[in-house]
Amino acid sequence: MRPPPSTLATERASLLAWFDAVARDLPWRRSRDPYAIWVSEVMLQQTRVDTVLRYFDRFLSRFPDPCALASASEDEVLSMWSGLGYYRRARLLHAGSKHLVAHHGGEVPQDPEARRAMPGVGRYTAGAIGSIAFDRPEAIVDGNVARVLSRLRGIDTPLGRADTEARLWAEADALVPGPRPGALNQALMELGATVCAHPTPRCADCPVAGGCVALRTGRTAELPVPKPRRAPRPVDVVAVVARQGRGVWMVRGQDALFGGLWGVPLDEGKGRAAAERALISAGLRGTLERRAQARLEHVLTHRRMDVRVFVAADAHPMGEGARWVDPDAPGDIGLSALTRKILAAAGPSGTASPPR
DNA sequence: GATGCGTGGCG
DNA sequence: TCGCCAAGCAT
């Protein structure tokens, strides 16, 4: 089932030599600071390298160490995360920094179990920090590694299933004990990201093509077998844009969706009545225009939001927990991409594109 | 074990 | 256009 030790040693050597030759120069690879590695790994969860590049240096400049991050407000942290998505990651990272200050002298612990106990650190991230920052022989399986190992070993059961995941971790566990485990893990990920890619791998450039089961059996296009997933559920949403000078009335999200971020009042529904509800529950009084000013679509992993944007005139606050925000200079608060999209659709003065 | 959680790029 | 999915985690 699993390759003999000699084969594993050859694969390790090939992967390391290949990685040394072609590794991309990425900012987090220039650092051995466990904190920087941790931040990069959290940002990279379900997020492409090109996207993270726009955030990583800025975040580290603002919060150079766990203590600085722990001292910041949640709004400050989310402002640095604004647009990156999966905002719970930022809150967990923030919580993680406080955890480090409280329990580990403000440093990322070397002990694997202590690392695993950090908020927001699961099996993958713990292994990534352990191997990359501390060069410990800890395995990792992310989407890249799963694709590489599925093809290399010919694993043809669906991703996400318990037996498949166990097999993948076992294969990764078998491969990592050897020289430079951090570089080896990064080599596996780099290979998955650049050569053993989805949907079509470039096997001519692969350092371990010689032992690849999928290549030998002509199944590179079939493997890995993807995890079944549901289509995003359609949902109708109304948004209310109320302006006063340069300011737009925004509330702080409390729910799991966009929690901690600031945004214009939203509610489920498609008409003026729903917009009215959003207006009132946001602690605002004002006159809603009769028809939606704009309409847009925003797709999340599990929802397809059909958003009607209503503009409110003569709006004035009648409660607390919300405030006027200048979208062009929001300050230390986080805005979602959806919020920015809504404001753009509403136009600079509320006279935007007509509804579709 | 299934579900919820963002955003953007690509074939 | 549309589905896929990208260095996952918590509940």
Side-chain angles (χ1 to χ4, degrees), chain A residues 23-24 26-29 36-56 78 81-93 95-96 116-133 138-148 158-166 168-169 172 182 185-194 196-201 221 224-235 253 255-261 263 297-305 334-341:
Chain A
R24 291 171 290 179
L26 303 173
W28 45 91
R29 288 187 178 155
I37 304 295
W38 172 39
V39 171
S40 75
E41 289 303 334
V42 173
M43 285 189 170
L44 285 161
Q45 290 168 7
Q46 303 288 282
T47 308
R48 294 174 181 283
V49 165
D50 286 348
T51 302
V52 173
L53 286 176
R54 300 200 296 270
Y55 289 82
F56 179 74
L78 286 170
W81 207 270
S82 182
L84 193 49
Y86 281 147
Y87 298 96
R88 185 175 52 175
R89 291 183 297 173
R91 303 211 304 271
L92 289 169
L93 192 63
R116 185 68 178 74
M118 291 164 58
V121 175
R123 190 173 179 182
Y124 163 79
T125 304
I129 299 171
S131 60
I132 298 171
E138 299 178 28
I140 57 168
V141 175
D142 72 329
N144 290 310
V145 177
R147 186 169 50 256
V148 169
L159 295 178
R161 226 172 65 181
D163 57 341
T164 307
E165 297 303 308
L168 289 168
W169 280 95
N185 280 338
Q186 292 187 82
L188 286 170
M189 291 192 286
E190 188 85 347
L191 188 65
T194 63
C196 194
H198 167 88
T200 311
V225 178
K227 175 195 318 206
R229 58 180 78 196
R230 317 213 157 151
R233 178 172 64 88
V235 53
D255 302 331
L257 187 62
F258 302 127
L261 297 181
E297 188 174 80
H298 191 67
V299 182
L300 294 69
T301 306
H302 58 297
R303 270 179 231 187
R304 178 182 299 274
M305 302 173 74
L335 305 182
S336 68
L338 172 60
T339 295
R340 296 180 192 279
K341 201 187 280 188

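Proteins come first, then strands; the chains are lettered A, B, ... in the order of their sequence lines, and each starts at number 1.
Look at CZ on A/Arg230: it is 16 Å from P on B/dG1, rounded to the nearest Å. Atoms CZ (A/Arg304) and C1' (C/dT1) sit 10 Å apart, rounded to a whole Å. Taking atom CE on A/Met43 and atom P on C/dC9, their separation rounds to 16 Å, with Å as the unit. If you measure from atom CG of A/Leu159 to atom P of B/dA2, you get 14 Å, rounded to the nearest angstrom. Atom CD of A/Glu190 and atom P of C/dA6 are 15 Å apart (whole Å). For A/Asp163 and B/dG1, the CG to C1' distance is 13 Å, given to the nearest whole Å. One can place CZ of A/Arg91 at 17 Å from P of C/dC9, the figure rounded to the nearest angstrom. We find that CH2 of A/Trp38 is positioned 15 Å from C1' of C/dG8, with the value rounded to whole Å.
With both ends at atom P, the span from C/dT11 to B/dG6 equals 14 Å, rounded to whole Å.
Using a 4.0 Å heavy-atom criterion, one finds that A/Arg161 contacts no nucleic acid atom at all. When heavy atoms are screened at a 4.0 angstrom cut-off, A/Trp81 is found touching no nucleic acid atom at all. Residue A/Val121 is in sugar-phosphate contact alone, with no base atom involved, counting any heavy-atom pair closer than 4.0 Å across all strands shown. Using a 4.0 Å heavy-atom distance criterion, A/Ser40 is classed as making no nucleic acid contact. Across all strands shown, A/Ile132 has no heavy atoms under 4.0 Å from either base or sugar-phosphate atoms.
Donor-acceptor pairing under 3.5 Å is lacking for the side chains of A/Arg229 and A/Thr301. In this model, no donor atom of one side chain and acceptor atom of the other lie less than 3.5 Å apart for A/Thr125 and A/Arg116. Judged by distance alone, the side chains of A/Tyr124 and A/Glu41 do bring a donor and an acceptor atom under 3.5 Å apart.
Look at A/Arg29 and A/Glu190 and you find a salt bridge, because one of the NZ, NE, NH1 or NH2 atoms lies within 4.0 Å of a carboxylate O, short of that distance. With salt bridges taken as basic N to acidic carboxylate O contacts below 4.0 Å, none links A/Arg48 and A/Asp50.
Mapping A/Arg229 and A/Gly122 onto DNA chain C via the closest heavy atom, the residue that lands nearer the 5' end is A/Arg229.
Ring geometry for A/Trp28 versus A/Phe56: interplanar angle over 60°, hence perpendicular rather than tilted (30 to 60°).
Side-chain N/O atoms of A/Arg303 include one lying less than 4.0 angstrom from OP1 or OP2 on B/dC5.
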Encode nucleotides 6-11 of chain B as B, S and - characters from 5' to 3', where the letter depends on protein heavy atoms closer than 4.0 Å: B to the base, S only to sugar-phosphate, - to neither. BBBB--
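Judged by distance alone, with hydrogens and angles left aside, the side-chain atoms of A/Arg89 form a donor-acceptor pair with the main-chain N or O of A/Tyr86 at under 3.5 Å.
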